[in-house]
Amino acid sequence: MTFAPVTPPNDPLPEPLSVPPPEPQRVLLYMPVDVRSVSLALLAFLGSLFALRWAQAVVIPVLLGLMISYALSPLVDRLERWRLPRAIGAALLIVSLFGAVGWTAWSVSDDAAALIESLPEAAQKVRQALRDQRGASETTIHKVQRAASEIERAAQEGGAAEPATVRGVTRVRIERTQFDIKDYLWVGTLGLAASIGEAMVVVFIAFFLLASGNTFRRKMVRIAGPTFAQKRITVQALDEITAQVQRYLLAQAFTSVVVGLATWVLFGLMGLDHAAVWGVGAALANLVPYIGSLVVTGGASLVGFVQFGSFHMALAIASVSMVLHTLSGNLLTPWLTSRTSRMNAVTVFIGVLAFGWLWGVWGLFLGVPILTTIKAVCDRVDDLKPIGELLGD
């Protein structure tokens, strides 16, 4: 028996299923950033800025008293070791400090009054020098423009000589208020009384902080947490804050005295009037980073130009002042504060400007100690170490 061959069907074979190419392995970066946490932190930061600006009448005296207590606490501790009660030692130091400041102000009061009396004459000389300089460099086009302006002004005055009267319109004449010196004396008296009151508040805050000793320190350690690790971190942070703030204040005081004496001597040798006043001003301005040196340099150069009538002398005085502040800020202060407490110049400058916008002149003075305290705290807290690294040098 034969079998017929079986022919395969004419239907085409099904194509094999296409397999997609394997996807490349993705690299995932795990960042410890939460959008909600960042938003809440930003809102908290803006709220803190508003609160600090709104409560500056309370915050600034407290911070000033705290700075004074940091500066005087080593001396009070030494007096306490000499069997002198802490409250009496704090009172003696505060009275001595303000007595020294008052004696310095009284010593240079005559020169300061003479310098203030010479300011109107100096302003007139500067105005005349600028007018002469502008007149010497005036070109023909400037003269034509000035002539056109004078013609236009004359035409306007001529047209306004006989103003047209319109019926039904009431003419209004604005009269300037007369100068009354009693108003200015009243405002100045209130400002002086407010300044004296704020100074007394600062003095009392500093006295109470010095007299209390380590009371608040022990309280902060007690409320830091129940574990020994939390208490140890708090103690380390407080120790570092105390050391850095005291080192910074000591360095600033020493460099201010050096800059003030050098400015007094060099300006006196150059023949600048009222050199003692400029020395005291340079010492005080040295407490304000960056901006204080610019103010003293600009003012001294302007007064030097008025006194000597020469741009070369004004430039020489400005150069001397700027060199002194540069050496103290870039060499003497870093050497005294050591490498551990140095901070990034960019962050310090931005921080000083921010606190100046927040609190004015007092913000310029308190900016660096506050940034130093923030850096000391951030270096001890794990979650805040990036901020401490950003503030560091």
Side-chain angles (χ1 to χ4, degrees), residues 55-107 192-226 228 230-258 260 280 283-284 287 336-338 340-341 362 365-366 368-370 372-374 376-377 380:
Q56 61 180 344
V58 177
V59 176
I60 292 176
V62 171
L63 292 179
L64 289 175
L66 188 62
M67 292 297 104
I68 295 176
S69 67
Y70 271 120
L72 299 181
S73 58
L75 298 178
V76 177
D77 294 338
R78 179 168 297 182
L79 292 177
E80 188 179 14
R81 289 194 296 268
W82 291 348
R83 305 299 181 181
L84 187 66
R86 192 172 185 86
I88 297 177
L92 289 176
L93 286 177
I94 291 178
V95 170
S96 302
L97 176 63
F98 282 90
V101 173
W103 178 81
T104 304
W106 179 80
S107 300
L192 180 61
S195 300
I196 294 175
E198 292 178 357
M200 294 302 297
V201 170
V202 172
V203 170
F204 278 108
I205 290 175
F207 170 75
F208 289 135
L209 289 174
L210 289 172
S212 62
N214 295 326
T215 302
F216 289 98
R217 178 188 177 92
R218 291 194 299 267
K219 290 180 180 296
M220 293 184 67
V221 173
R222 191 178 298 115
I223 65 178
F228 177 76
Q230 294 174 337
K231 296 180 182 297
R232 181 174 56 85
I233 293 175
T234 304
V235 171
Q236 292 177 355
L238 291 176
D239 290 340
E240 187 171 354
I241 291 172
T242 302
Q244 291 194 9
V245 171
Q246 288 180 352
R247 190 184 301 117
Y248 170 77
L249 293 177
L250 181 61
Q252 286 297 108
F254 181 75
T255 55
S256 296
V257 172
V258 171
V280 175
L284 295 177
L287 299 174
L336 291 174
T337 56
S338 76
T340 56
S341 61
W362 294 118
F365 172 72
L366 295 170
V368 176
I370 293 175
T372 303
T373 304
I374 293 174
V377 174
R380 295 294 177 181

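For the numbers below, each heavy atom of this structure counts, side chains included, while hydrogens, waters and symmetry mates do not. Along the sequence shown, the residues carry numbers beginning at 1.
The shortest heavy-atom contact between A206 and I94 is C-CD1, 4.1 Å. Closest heavy-atom contact between V202 and P61: CG2-CA, 3.8 Å. Closest approach of A87 to F207, counting heavy atoms only: O-CE1, 3.3 Å. Here the shortest heavy-atom pairing between S256 and L287 reads OG-CD2, 3.4 Å. Of all heavy-atom pairs spanning R86 and A211, the tightest one is CD-O, 3.6 Å.
Rounding to the nearest 0.5 Å gives a distance of 10.5 Å between CZ of F365 and CG of L63. Taking CD1 of I88 as the start and CG of L93 as the end, the distance is 12.0 Å to the nearest 0.5 Å. Atom-to-atom distance recorded for L64:CG and S69:OG is 10.5 Å, nearest 0.5 angstrom. From E80, atom CD reaches atom CG of L210 across 11.0 Å, with rounding to the nearest 0.5 Å. Here L249 contributes atom CG and T372 contributes atom OG1; the two are 9.0 Å apart, rounded to the nearest 0.5 Å.
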*Test log, rule side chain to side chain contact (heavy atoms under 4.5 Å, CB included), inputs L79 and L92*: CA-CA 10 Å; L79 292 177; L92 289 176; 5.5 Å; no

*Show the numbers, then the answer: is there a side chain to side chain contact (heavy atoms under 4.5 Å, CB included) between L66 and I205?*
CA-CA 7 Å; L66 188 62; I205 290 175; over 6 Å; no

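For the pairing with M67, the side-chain contact (heavy atoms from CB on, under 4.5 Å) check across I370, V62, L366, L72 returns one residue only, L366.
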